[in-house]
Amino acid sequence: HSLREIHRNLADYGIDISLLTMIDYINAALNTKLLSKCYLYDVKNKNTITSKVQYFFGDAGIRKSFCDECDLWENILYIELRRNGYEVTG
């Protein structure tokens, strides 16, 4: 998701925050390992697409408080793959 898409989703939930403030919060969460970035991978051209990013929570319990069960399993899988030394792309 792009940062603008995340910002629009927050607005849809009635959360009024500026885009720059949201970016600051996401960067702080990335720096503290609360969030991780996962870049998309173009299989055909065999390269990483840095303009498309998916964010994963570093703790499944925090993720569960925000999302449904399907998203939770995706997040758990991401955490376990990273923990076992795999490079993960979307």
Side-chain angles (χ1 to χ4, degrees):
H1 303 288
S2 73
L3 292 173
R4 290 195 188 280
E5 287 174 313
I6 295 170
H7 187 251
R8 279 193 294 271
N9 288 340
L10 290 173
D12 290 345
Y13 283 102
I15 300 172
D16 185 28
I17 185 172
S18 76
L19 179 61
L20 292 177
T21 300
M22 186 202 71
I23 291 170
D24 286 342
Y25 286 155
I26 288 175
N27 285 331
L30 289 167
N31 289 336
T32 60
K33 306 294 187 215
L34 182 61
L35 288 177
S36 294
K37 274 186 189 181
C38 180
Y39 294 102
L40 295 181
Y41 186 76
D42 182 353
V43 177
K44 183 179 177 182
N45 295 318
K46 298 182 180 179
N47 63 348
T48 302
I49 305 169
T50 57
S51 62
K52 296 286 186 176
V53 177
Q54 186 167 359
Y55 294 95
F56 288 95
F57 283 91
D59 181 278
I62 295 171
R63 176 68 173 178
K64 185 175 183 343
S65 69
F66 289 104
C67 301
D68 64 20
E69 194 170 309
C70 180
D71 289 339
L72 177 63
W73 285 111
E74 181 182 17
N75 202 94
I76 290 171
L77 179 61
Y78 175 82
I79 292 169
E80 286 302 311
L81 288 170
R82 291 296 305 249
R83 185 176 294 150
N84 288 301
Y86 290 96
E87 181 179 338
V88 182
T89 56

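Basis for what follows: all heavy atoms, side chains included, without hydrogens, waters or symmetry-related copies. Since the model is a prediction, treat every value here as computed from it, not as a measurement.
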Check your understanding: What residues form a side chain to side chain contact (heavy atoms under 4.5 Å, CB included) with L30, not counting sequence neighbours?
Key -> I26, N27, L35, K37, Y55
Point to revise | Single-linkage hydrophobic cluster, 4.5 Å side-chain cutoff, I15 and M22 together | key: yes
Review point. Linking I/L/V/M/F/W/Y whenever any side-chain heavy atoms sit under 4.5 Å apart, do F56 and Y86 land together?
Key: yes
Check your understanding: Can you name the side chain to side chain contact (heavy atoms under 4.5 Å, CB included) partners of D12, sequence neighbours left out?
Key -> N9
Review point. Does the side chain of Y41 come within less than 4.5 Å of K46's, by heavy atoms?
Key: yes
Point to revise | All side chain to side chain donor-acceptor pair (under 3.5 Å) counterparts of N47, not counting sequence neighbours | key: none
Point to revise | Hphob cluster co-occupancy, I79 + L77, side-chain heavy atoms under 4.5 angstrom | key: no
Point to revise | side chain to side chain contact (heavy atoms under 4.5 Å, CB included) involving T32 - partner list, sequence neighbours excluded | key: L34
**Study point:** Contact list for residues 14-24, test side-chain hydrogen bond (donor to acceptor under 3.5 Å, both in side chains), sequence neighbours left out
**Key:** S18-T21
Revision key, fill the gap. One should read off an interatomic distance between C38 SG and Y78 OH, to the nearest 0.5 angstrom, of 5.5 Å
Revision key, fill the gap. Heavy-atom nearest pair, L19 first then L3, reads CD1-O, 4.0 Å
Check your understanding: Mind checking what makes side chain to side chain donor-acceptor pair (under 3.5 Å) contact with R8, not counting sequence neighbours?
Key -> none
